[in-house]
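Residue numbering restarts at 1 for every chain, and letters A, B, ... go by the order of the sequence lines.
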There are 2 protein chains.
Amino acid sequence: MRISDLSEATGVPVATVKYYLRERLLHPGEVVSRTQARYDASHVERLTLVRALTEVGGLSLATARRVLAAIEEPDLSPLDAMAVAQRSLLGEPDAPPEDAGPSCDAAGPPDSRSRRFVAGRGWQVHPGDPVLDQLDAAWEACDRAGLGLDEERMARYADAAEQIGRTDVESVPRTSPQAAVRQVVLGTVLIDPVLVALRRLAQQHVAVSTGSSSRSGMLGP
Amino acid sequence: MRISDLSEATGVPVATVKYYLRERLLHPGEVVSRTQARYDASHVERLTLVRALTEVGGLSLATARRVLAAIEEPDLSPLDAMAVAQRSLLGEPDAPPEDAGPSCDAAGPPDSRSRRFVAGRGWQVHPGDPVLDQLDAAWEACDRAGLGLDEERMARYADAAEQIGRTDVESVPRTSPQAAVRQVVLGTVLIDPVLVALRRLAQQHVAVSTGSSSRSGMLGP
DNA sequence: CAATATTGGAGAGTGATACTCTCCAATGTC
DNA sequence: GACATTGGAGAGTATCACTCTCCAATATTG
């Protein structure tokens, strides 16, 4: 398989494939001569994955590279892989510039609303986990925006999240560790957009079926 | 309140405030003289909101502008506002370049897996809604990536999403239409990161408490 | 009232990201 | 043997979100 075939098989322009090769998002093909390298199914798969992570998952190329590296790491338990994936994802959405929070003195606040909330639910998570900081930031942003996101509503969301988390974990294949890691990492990234879409649709359904609309129906598409 | 006070009150640099004014993300202050304009609480609020939408919600400035416009639209029912918000959000995450799908012939596929799935659940959503296309794209990406996202797993996610959607809709204030629209639109954008974080934490909790780890514990933070 | 600071406005510059284009000689293909 | 393709590298492009520089016209302060 030549580079043009690879391009055709995936729908990614040749120039972009070359760029990905340069940026080490795609492993080099087997060099046949100075002007030819052979690509195979592994390249097609990888390329598809890169596009899925960036286009659907919304990751930057740098983040996608980290996530792919986590998948290919050979000696990693699924739990560790999940940690790596979650950490990789946090590298990019925002560089929290410690703006208005009066509690951000030390590098890691030992106690915060999120930590208390999570502990109160009996969830066992690492107290130093950056996801907790992310939750703090998001929760505070909701407060500042005037959304009434109180503990009760949070608890309902957490119930739903727990259900989702259970489904996530249950669907991890127990065949090979490799497959498990793959599922965990990709599931973390690629299922998010699915859940976001489902939430939007559920909102519509609930709003329509309970007659919350004050006057008109949906706007035409 | 001068521009420097506004800057100080929000933590946003003066140059950036000027930029937002130029880009119409912030309404102009009351002009007092040729070199002075007065800003008030509404500017502080708006600026805070812009930062929340972009930093926490991950929106581009263009999308944030559309979302804010939806909030300020006076004659809009909450349902319509939700539609506007959802539509605004779709403008940017990906410009679906109709790559590998063999089913993308007409502009809007009249029937798709997502549409069938949603219909099968009895959810009432507009069949032309772009969120359905988003769901199709995300679902297909999961398939291509080899995640076994079958209908059963989807059904569980949909159950959780319905719970979330119910909570969303229930928490819409019934006081003024303005407040309702605000809650709906901001809730759509700002609660997403909260849910993502909760999902990550729930995954960890479930994984730890069911002992899915094969060897080691969590990596240190 | 004079020295100094700040403002609005506009334009240009910056750095990051993700490509896309151009060239080239070496090779492959018909 | 003519023509197309390839790998490799560099440079160019477009978008985004700022950030910087300038300026003369005010404001503020001593």
Contacts of A/Arg2 meeting side chain to side chain contact (heavy atoms under 4.5 Å, CB included) (sequence neighbours excluded), chain-then-number -> A/Ser4, A/Asp5, A/Gln36
Output the residues of residues 12-25 of chain B in contact with DNA chain C, where contact means a heavy atom of the residue under 4.0 Å from an atom of the strand; sort by number or write none. B/Lys18, B/Arg22
I need the CG-P distance between B/Leu61 and D/dT19, as an integer number of Å. 11 Å
Which pairs count as ring pair (Phe, Tyr, Trp, His ring centres under 6.0 Å) when at least one residue sits in residues 7-32 of chain B, sequence neighbours excluded? B/His27-B/His43
Sequence neighbours excluded, every pair satisfying side chain to side chain donor-acceptor pair (under 3.5 Å) that has a member inside residues 182-197 of chain B: A/Arg199-B/Asp192, A/Arg200-B/Asp192, B/Glu45-B/Arg182
What integer distance in Å separates A/His43:NE2 from D/dT6:P? 15 Å
Can you tell me if B/Ser7 uses its side chain to pair, donor with acceptor, with the backbone of B/Ile3 under 3.5 Å? no
Rounding to a whole Å, what distance do you find between B/Met1:CE and C/dG8:C1'? 18 Å
For B/Ala180, give me all partners under side chain to side chain contact (heavy atoms under 4.5 Å, CB included), at least two apart in sequence or on another chain. B/Pro78, B/Val172
Starting from the first five and the last five pairs of the helix from C/dC1-D/dG30 to C/dC30-D/dG1, work out the angle between the resulting helix axes, to 10 degrees. 10°
Got a sec, which pairs hit ring pair (Phe, Tyr, Trp, His ring centres under 6.0 Å) with one end in residues 177-202 of chain A, sequence neighbours left out? none
According to side chain to side chain contact (heavy atoms under 4.5 Å, CB included), who are the partners of B/Ala160, at least two apart in sequence or on a separate chain? A/Ala160, A/Gln163, A/Ile164
Any residue in residues 30-37 of chain A with a heavy atom nearer than 4.0 angstrom to DNA chain D? Just list them by number, or reply none. A/Arg34, A/Thr35, A/Gln36, A/Ala37
In whole angstrom, give the distance that lies between atom CG of B/Leu6 and atom P of C/dT6. 16 Å
Please identify each residue that fulfils side chain to side chain contact (heavy atoms under 4.5 Å, CB included) with A/Glu151, with sequence neighbours left out. A/Arg113, A/Phe117, A/Trp139
Among residues at least two apart in sequence or on other chains, which ones pass side-chain hydrogen bond (donor to acceptor under 3.5 Å, both in side chains) with B/Thr48? none
What is the distance, to the nearest angstrom, from the CG atom on A/Leu26 to the P atom on C/dA18? 16 Å
Between P of D/dT6 and CD of A/Glu8, the distance in whole Å: 11 Å
D/dA4 P sits how many Å from A/Asp5 CG, rounded? 18 Å
From CD1 of A/Ile3 over to C1' of D/dA4, roughly how many Å is that when rounded to an integer? 15 Å
Given 3.5 Å as the limit, does a donor-acceptor pair link the side chain of A/Thr63 with the main chain of A/Leu59, or not? no
Salt bridge (Lys or Arg N to Asp or Glu O under 4.0 Å) against A/Arg34, all qualifying residues, sequence neighbours excluded: none
